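Okay, so here's the structure we're looking at.
Not measured: the values here are computed from a predicted model. Heavy atoms only: backbone and side chains are in, while hydrogens, waters and symmetry mates are out. By convention here, the first residue in the shown sequence is residue 1.
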Amino acid sequence: GGLRITEPAADLAVASALVTLGNIGGLRHEDVRDGVTANMLAFCVAASATGKEAVMQATTDLHIAAGVHYALQGGIKSEQEIMRNLIEHQAAYYIIDEIGIFLIKVRNAQRRGGAAYLESVFGAIMSGYSKANSRMLLQGDTKRELRKAFGSIAAKAADDGRDDQAERANRMLRMVDEGLDRPFLSTIGYTTPGTFDQIMDGETATQGFVGRAVIVAETDNNPAEREGFKKRPMPEGLAMRLAQIFNGGNFDMMESTGARVEYSGDREPVITTDEASDMLQSVSRWLHSYAEEMGEHTGEASVAMIRRAYELVAKISFILAIPTATRTASHVRWAFAY
């Protein structure tokens, strides 16, 4: 109980808050128990004029308050662009309006063979998403294209006597060759039910992109107006707390405008209490038995979704624990209910 707040777009706001806190705290914190990472994939499905735009703007504002907005991205064009974003910043935080339209384009490209550059986008998203605790190597064509782009930037900067720009471009070149260390890719997309329903079927559900996502549907397509409501400015204390969660009080990290959003120091461990650990084990066992039961009735698609649910419970409870650095039973209980 207590998960659903009876306010317009409240469910979307909760999902957006979870993704945002994961983005802000995920680079500097690590989960000691399972090694899960705080980056998430989320789809927010709601009818037009139900509050999506306000939630999206608030999500952006929270990233700005934490000083990580340089890594925000508003759309996905190609595999090469995804990799370039992850080179320019350790993180790529995608906040995408009308993501359903994008998914339909990718789906059509995969099926018809047209717009070939889109075909590898799903793979690039999942590769970036799953490597947040390891190193990600780039593929041949992508490496060649990015090497050419950053090499050109480095040469021009050297000719212009811009040593700082030249060094930055050369650092990017080294990443192209050596791979990306702990890239952090997350995606939250907003769309309407009519568009989203077009791409949801068994095939999509078992693919990594949608199958690993939290899908939040706002069921009220005609919410009552909130009479007398006025948007409040963000409390200064909240903005400072978010910045502290990202940088641990090291405000030098935020001084350079447009600096690379990254964290290369020792990460802060988030521990799990014994009670919470036992609860996670119980969740894992229950999901396994539930997947077996559902598999007999509905087949492969439901088994894949249920088996991936543990990762989401672990991720969400980890995100909830970041501010205190301790995952408790209440964090696990909330995540499992969610």
Where is the tightest heavy-atom contact between [X] and [Y], given as atom of each residue plus distance?
{"X": "Thr195", "Y": "Gly100", "value": "CG2-C, 3.4 Å"}
{"X": "Ala169", "Y": "Phe150", "value": "CB-O, 3.8 Å"}
{"X": "Asp11", "Y": "Tyr338", "value": "O-OH, 4.4 Å"}
{"X": "Arg28", "Y": "Ile245", "value": "NE-O, 3.1 Å"}
{"X": "Ala154", "Y": "Ala166", "value": "O-CB, 4.1 Å"}
{"X": "Asp181", "Y": "Gln90", "value": "O-NE2, 3.9 Å"}

[X], [Y]: one ILVMFWY side-chain cluster at the under-4.5 Å cut-off?
{"X": "Ile101", "Y": "Ile99", "value": "no"}
{"X": "Met234", "Y": "Met56", "value": "yes"}
{"X": "Phe246", "Y": "Leu238", "value": "yes"}
{"X": "Val32", "Y": "Ile322", "value": "no"}

When rounded to the nearest 0.5 angstrom, what distance separates [atom1] in [X] from [atom2] in [Y]?
{"X": "Glu30", "Y": "Ile271", "atom1": "CD", "atom2": "CD1", "answer": "12.5 Å"}
{"X": "Thr272", "Y": "Asp34", "atom1": "OG1", "atom2": "CG", "answer": "7.0 Å"}
{"X": "Glu262", "Y": "Arg182", "atom1": "CD", "atom2": "CZ", "answer": "10.0 Å"}
{"X": "Ile104", "Y": "Thr191", "atom1": "CD1", "atom2": "OG1", "answer": "7.5 Å"}
{"X": "Glu218", "Y": "Thr192", "atom1": "CD", "atom2": "OG1", "answer": "13.5 Å"}
{"X": "Arg168", "Y": "Leu173", "atom1": "CZ", "atom2": "CG", "answer": "12.5 Å"}

Checking [X] side chain against [Y] main chain: does a donor-acceptor pair fall under 3.5 Å?
{"X": "Glu81", "Y": "Lys77", "answer": "yes"}
{"X": "Ser152", "Y": "Lys148", "answer": "no"}
{"X": "Ser317", "Y": "Val313", "answer": "yes"}
{"X": "Lys315", "Y": "Val36", "answer": "no"}
{"X": "Ser16", "Y": "Leu12", "answer": "yes"}

Enumerate the side chain to side chain donor-acceptor pair (under 3.5 Å) contacts for residues 127-137, please, sequence neighbours excluded, ordered by first and then second residue. Asn133-Arg267
Output all residues satisfying side-chain contact (heavy atoms from CB on, under 4.5 Å) with [X], sequence neighbours left out; order by chain, then residue number.
{"X": "Ala124", "value": "Glu79, Ile82, Met83"}
{"X": "Asp163", "value": "none"}
{"X": "Ala309", "value": "Leu287"}

So ring pair (Phe, Tyr, Trp, His ring centres under 6.0 Å) across residues 9-49, not counting sequence neighbours, yields Phe43-Phe196, Phe43-Phe209
Begin from the C-alpha positions of Leu86 and Phe184 and carry the test side-chain contact (heavy atoms from CB on, under 4.5 Å) through to its verdict. CA-CA 8 Å; Leu86 287 170; Phe184 189 100; 5.9 Å; no
Restricting to salt bridge (charged side-chain N to carboxylate O under 4.0 Å, His left out), what partner residues turn up for [X], sequence neighbours left out?
{"X": "Arg174", "answer": "Glu167"}
{"X": "Glu88", "answer": "Arg84"}
{"X": "Asp160", "answer": "Lys156"}
{"X": "Arg33", "answer": "none"}

Looking at Asp177 and Arg147, does any basic side-chain N land under 4.0 Å from a carboxylate oxygen? yes
Would Asp164 and Arg162 pass as an ion pair if we require N to O under 4.0 Å? yes
Does the side chain of [X] reach to within under 4.5 Å of the side chain of [Y], using non-hydrogen atoms?
{"X": "Cys44", "Y": "Ile188", "value": "yes"}
{"X": "Val214", "Y": "Val216", "value": "yes"}
{"X": "Phe318", "Y": "Thr37", "value": "no"}
{"X": "Thr187", "Y": "Ile95", "value": "no"}
{"X": "Ile87", "Y": "Arg171", "value": "no"}
{"X": "His89", "Y": "Tyr70", "value": "yes"}

Stepwise side-chain contact (heavy atoms from CB on, under 4.5 Å) test for Leu320 and Leu18: CA-CA 8 Å; Leu320 295 173; Leu18 286 170; 3.9 Å; yes
Sequence neighbours excluded, every pair satisfying salt bridge (charged side-chain N to carboxylate O under 4.0 Å, His left out) that has a member inside [range]:
{"range": "residues 320-338", "value": "Asp31-Arg327"}
{"range": "residues 269-289", "value": "none"}
{"range": "residues 56-66", "value": "Asp61-Lys231"}

Checking Asn247 against Tyr263: is there a side-chain donor and acceptor pair closer than 3.5 Å? no
Does any donor atom in the side chain of Thr324 or Thr326 lie under 3.5 Å from an acceptor atom in the other side chain? no
Check the angle between the aromatic planes of Tyr93 and His63 and answer parallel, tilted or perpendicular using the 30° and 60° thresholds. tilted
Residues, nucleotides or ligands: over 12 heavy atoms within 6.0 Å of Glu236 CD: no
